[in-house]
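For reference, the structure discussed in these notes is given below.
Chain identifiers are assigned alphabetically (A, B, ...) following the order of the sequence lines, protein sequences preceding nucleic acid strands; residue numbering begins at 1 within each chain. What's counted below: heavy atoms across the whole structure, side chains too, no hydrogens, waters or symmetry copies.
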Protein chains: 2
Amino acid sequence: MTKQIEQLLRMHIVRPSHHRIKIYQYLIEKRNHPSVDMVYQELVRTIPTLSKTTVYNTLQLFLEKGIVIMITIDENETRYDADTSLHGHFRCSSCGKIFDIRLGTDAWRLDGIDDFEINESHIYFKGWCPECRKKGALQ
Amino acid sequence: MTKQIEQLLRMHIVRPSHHRIKIYQYLIEKRNHPSVDMVYQELVRTIPTLSKTTVYNTLQLFLEKGIVIMITIDENETRYDADTSLHGHFRCSSCGKIFDIRLGTDAWRLDGIDDFEINESHIYFKGWCPECRKKGALQ
DNA sequence: CTTCATAACTGTAATCATTACAATTTTGTA
DNA sequence: TACAAAATTGTAATGATTACAGTTATGAAG
């Protein structure tokens, strides 16, 4: 596992330091679209010397190297995702959990953007997830 | 003009105070997806006593009443839009301007979300606008 | 036209995510 | 083993947003 992550990082010109490996591993194992703080709180338990700045720096580096994407579905804090393929996200207004949404391949018809050059697509939805709907929580 | 805005605000159970009318008028006349600060800087020129907190409070109220939407396409500050219809946005990475993107009516095919209840849709793109592409700025 | 309760507005101080930066530690290589 | 480069740390700044308490404006009742 670690070996594979090391290779992937190297491929993207990211030196595979111990912290970087752990952070990337967190992203792909949890698949929970975490905030900086979520990553930090989890990893600091096994790496007591970890600094939150390092998590910021590392995720910023991953962004620049294109191995993670930034998700701004939460107004308060940035979330990150190691799945860089084109897909949407759903954030439950009740429990706050973020889900992946598969997009149909034929899903797109945008008008009047022929002269624009699109580098990033962000597709977000908000509402109630199945579990919270069942519970009827708050609503 | 003012009369129409007053009616619209009243219809949505928003008392049409002087400040609220001016802020709403700014949104629909400029159509520039402004930040709180952009609204404030423009309006404080004619309303010297205006407080930035009032702009925050008012836009928050408009949000709750459903007459504006929040746009989180800019990582630093929230933008607002008085066009509440379903449409996308494009933010130019060079000049920072935000454009409206019309979405084809047949544009949607989402998989596996039948059990989700969607209340909001956010469709953002980032890249280069036509003008900045011509200029070849930075790129 | 005044009174008064309510709502709107103001200004300052707190909050909190993020960034800047200088000092320290780690790493890879010779 | 030594050393230069890169990574990491911790603290201090930044900047958008929110909290809150005091002040002002509003609109209905008399």
### Query
Hey, is CD on B:E131 packed in by over 12 heavy atoms from elsewhere, all under 6.0 Å?
no

### Query
Atom CG of B:L63 and atom C1' of D:dT18: how far apart are they, to the nearest Å?
15 Å

### Task
Decide whether A:L27 and A:L86 are clustered together by the hydrophobic rule: side chain heavy atoms of Ile, Leu, Val, Met, Phe, Trp, Tyr closer than 4.5 Å, transitively.
no

### Task
Calculate the interatomic distance between A:K65 atom NZ and D:dA6 atom C1'; express it in whole Å.
13 Å

### Query
Does A:Y56 have a side-chain nitrogen or oxygen under 4.0 Å from the phosphate oxygens OP1 or OP2 of C:dT19?
no

### Summary
Here the residues of residues 26-38 of chain B within 4.0 Å heavy-atom distance, strictly under, of DNA chain C are none

### Query
Do A:M1 and A:V39 share a hydrophobic cluster (ILVMFWY, side-chain heavy atoms under 4.5 Å, transitive)?
yes

### Task
Take A:H19 and A:K22 through the side-chain contact (heavy atoms from CB on, under 4.5 Å) test and state the conclusion after the steps.
CA-CA 5 Å; A:H19 290 174; A:K22 287 297 185 190; 5.7 Å; no

### Query
Along nucleotides 3-13 of chain C, 5' to 3', which nucleotides get a B, which get an S, and which get a -, given that the test is a protein heavy-atom distance under 4.0 Å?
----SSSBBB-

### Query
What integer distance in Å separates A:I21:CD1 from C:dT27:P?
11 Å

#### Entry: Residue pairs, two or more places apart or on separate chains, that pass salt bridge (Lys or Arg N to Asp or Glu O under 4.0 Å) and touch residues 91-101 of chain A
A:D74-A:R91

### Task
Decide yes or no on side-chain contact (heavy atoms from CB on, under 4.5 Å) for B:T58 and B:V14, but give the supporting numbers first.
CA-CA 10 Å; B:T58 302; B:V14 174; over 6 Å; no

### Task
Group every Ile, Leu, Val, Met, Phe, Trp and Tyr by side-chain heavy-atom contacts under 4.5 Å, then state whether B:M70 and B:Y26 land in the same group.
yes

## Note on the structure
Students should find that the hydrophobic cluster of A:I71, defined by side-chain heavy atoms under 4.5 Å apart, otherwise consists of A:I73, A:I98, A:Y124, B:I71, B:I73, B:I98, B:Y124

### Query
Would the A:F62 and A:Y80 ring centres measure less than 6.0 Å apart?
no

### Message
If I take atom CG in residue A:L9 and atom P in nucleotide C:dG28, what distance separates them, rounded to the nearest angstrom?
### Response
13 Å

### Query
Do the side chains of A:N57 and A:Q60 get nearer than 4.5 Å, heavy atoms only?
no

### Query
For DNA chain C, which residues in residues 74-82 of chain A have a heavy atom at a distance below 4.0 Å?
A:N76, A:E77, A:T78

Identify every side-chain donor-acceptor pair in residues 44-54 of chain A under 3.5 Å, counting partners at least two apart or on other chains, and give the distances.
from  : atom 1 : to    : atom 2 : distance (Å)
A:T46 : OG1    : A:L43 : O      : 3.2
A:S51 : OG     : A:T53 : N      : 3.1
A:K52 : NZ     : A:D37 : OD1    : 2.6

### Distance, rounded to the nearest Å, where B:L59 contributes CG and D:dA16 contributes C1'
14 Å

